[in-house]
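A short write-up of the structure that comes next.
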Amino acid sequence: MTEEKKVLKMEDVKAMAEEKKCTVQQALSFVEIFLDGPMCGRCFPCSMGSYEARIRLKKLVSGEASEEDLAVVKMIAATMAEASMCKKGKDTAKFILDNIDSEEFTGHITGVCAPNQCAAYAKYIIVPEACTMCGDCLAACKDHAIIGEKAKPWASGIHPFEIAQKRCTQCGECLKVCPDNAVRCLSVKDFAEKETVGV
Ligand code: SF4
Ligand code: SF4
Ligand code: SF4
């Protein structure tokens with residue numbers, strides 16, 4: 001006997017989406033859970049709108065979106081709010097519309113995820129002056145992106161650790177383990193500015 005899939009209530013969809021710490025990820029999560037559950041497909045603005053919104057929101061989370069994608073998501077949500085046949089579609093639209101004009105949301109098209117939740121927008125660096133060459137980050141990095149040699153009591157001179165950006169997968173483990181607060185997480189935008197001025 002096959003077990004029937006329990007359809008989530010909209011308040012559950014909202015609560016699950018709100019577990020994410022970034023508003024764009026919240027919107028994407030809401031739409032994904034909605035599409036997988038309560039969305040019934042009986043009306044076009046909601047069904048097609050949700051599918052297209054999911055595509056555009058995924059682009060926003062993965063750092064591939066343009067202003068046009070943001071405008072399209074807004075247009076879809078406005079249409080869903082107006083023309084969806086039932087409250088479920090309207091609630092989904094409202095969840096998107098409540099956040100889409102916020103700085104945190106729009107920041108994603110300028111290379112910034114303010115709460116540092118979207119890996120595509122994060123760059124990890126080691127501040128040389130703060131690094132004590134303890135080697136904890138080297139041990140924590142599964143992607144072999146840390147370059148450096150642990151300090152030896154008999155060796156003099158400071159050779160701070162570095163992060164090879166091409167190998168870094170933005171997992172954030174080095175930041176968690178550094179005992180000296182030498183690892184920092186920058187937005188892609190701040191990182192580019194820092195590179196340009198050579199700070
Ligand atoms: S708005 Fe309601 S009726 Fe229309 S597809 Fe969405 S869930 Fe179904
Ligand atoms: S963020 Fe992850 S992959 Fe990048 S250097 Fe740190 S531990 Fe390695
Ligand atoms: S964990 Fe911090 S202090 Fe230790 S080597 Fe890495 S960056 Fe330097």
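The model shown is predicted, which means the values in this text are computed figures rather than measured ones. Indexing begins at 1, ligand by ligand and atom by atom, following the structure's order.
- For ligand 2, the atoms closer than 4.0 angstrom to any heavy atom of Tyr124 are 1 (S).
- A donor-acceptor pair under 3.5 Å is formed between the side chain of Arg167 and the backbone N or O of His144.
- By the criterion of a heavy-atom distance under 4.0 Å, neither the backbone nor the side chain of Leu175 is placed next to ligand 2.
- Annotation for Glu18: atom CD counts as buried by contact number, over 12 foreign heavy atoms lying within 6.0 Å.
- Close approach of ligand 1 to Arg42 (heavy-atom distance below 4.0 Å) involves ligand atoms 5 (S), 8 (Fe).
- Not close to ligand 3: Gly148, with no non-hydrogen atom less than 4.0 angstrom away.
- Minimum interatomic distance between Leu57 and Val24 (heavy atoms only, all atoms of both residues): O-CG1, 4.2 Å.
- Although no hydrogens or angles enter the test, the distance criterion places no donor-acceptor pair under 3.5 Å between the side chain of Glu52 and the main chain of Ile76.
- Ligand 2 lies within reach of Gly172, whose nearest heavy atom is under 4.0 Å from it.
- Atom 4 (Fe) of ligand 1 has its closest protein heavy atom at Cys43 SG, 2.3 Å.
- Protein heavy atom closest to atom 2 (Fe) of ligand 3, with residue, atom name and distance, is Cys178 SG, 2.4 Å.
- Distances below 4.0 Å separate heavy atoms of Gly89 from the following atoms of ligand 1: 1 (S).
- Although no hydrogens or angles enter the test, the distance criterion places no donor-acceptor pair under 3.5 Å between the side chain of Glu162 and the main chain of Ile147.
- Under 4.0 angstrom from ligand 3, the non-hydrogen atoms of Ile126 all belong to its side chain.
- A donor-acceptor pair under 3.5 Å links the side-chain atoms of Asp69 to the main chain of Ser66, judged by distance alone.
- Shortest non-hydrogen contact noted between Gln117 and Cys22 is CB-CB, 3.7 Å.
- When each atom of ligand 2 is checked for a heavy atom of Thr169 under 4.0 Å away, the hits are 3 (S), 4 (Fe).
- In summary, an N, O or S atom of Cys137 is located under 2.8 Å from atom 6 (Fe) of ligand 3.
- In summary, the atoms of ligand 3 found under 4.0 Å from a heavy atom of Cys131, numbered by their order in the structure, are 3 (S), 5 (S), 7 (S), 8 (Fe).
- With ligand atoms numbered from 1 in the order given, ligand 1 contributes 1 (S) to contacts under 4.0 Å with heavy atoms of Ser84.
- Close contacts between ligand 3 and Gly135 involve ligand atoms 4 (Fe), 5 (S) [criterion: under 4.0 Å to a heavy atom].
- Of all the heavy atoms of Asp143, the ones lying under 4.0 Å from any atom of ligand 2 belong exclusively to the side chain.
- Within 6.0 Å of the CD atom in Glu67, the count of heavy atoms belonging to other residues, nucleotides or ligands does not exceed 12.
- At most 12 heavy atoms of other shown residues, nucleotides or ligands fall within 6.0 angstrom of atom CD in Glu149.
- Of the candidates Cys46, Ser47, Ala93, Gly49, Cys46 brings a heavy atom nearest to atom 1 (S) of ligand 1.
- Nearest to atom 8 (Fe) of ligand 1 among the protein's heavy atoms is Cys40 SG, 2.3 Å.
- Per-residue contacts place Asp180 under 4.0 angstrom from the following atoms of ligand 3 (heavy atoms of the residue considered): 3 (S).
- Distances below 4.0 Å separate heavy atoms of Cys174 from the following atoms of ligand 2: 1 (S), 5 (S), 6 (Fe), 7 (S).
- For the side chain to side chain contact (heavy atoms under 4.5 Å, CB included) with Thr92, the lone residue among Lys14, Met10, Lys87 that qualifies is Met10.
- Residue-ligand proximity, Thr132 to ligand 3, at heavy-atom distances under 4.0 Å covers atoms 3 (S), 8 (Fe).
- A salt bridge is defined here as a Lys NZ or Arg NE, NH1 or NH2 lying under 4.0 Å from an Asp or Glu carboxylate O, and Glu173 with Lys176 meets this definition.
- For ligand 2, the atoms sitting less than 4.0 Å from at least one non-hydrogen atom of Ile146 are 5 (S), numbered in the order shown with element in parentheses.
- Between Lys150 and Phe161 the shortest heavy-atom distance is N-CZ, 3.6 Å.
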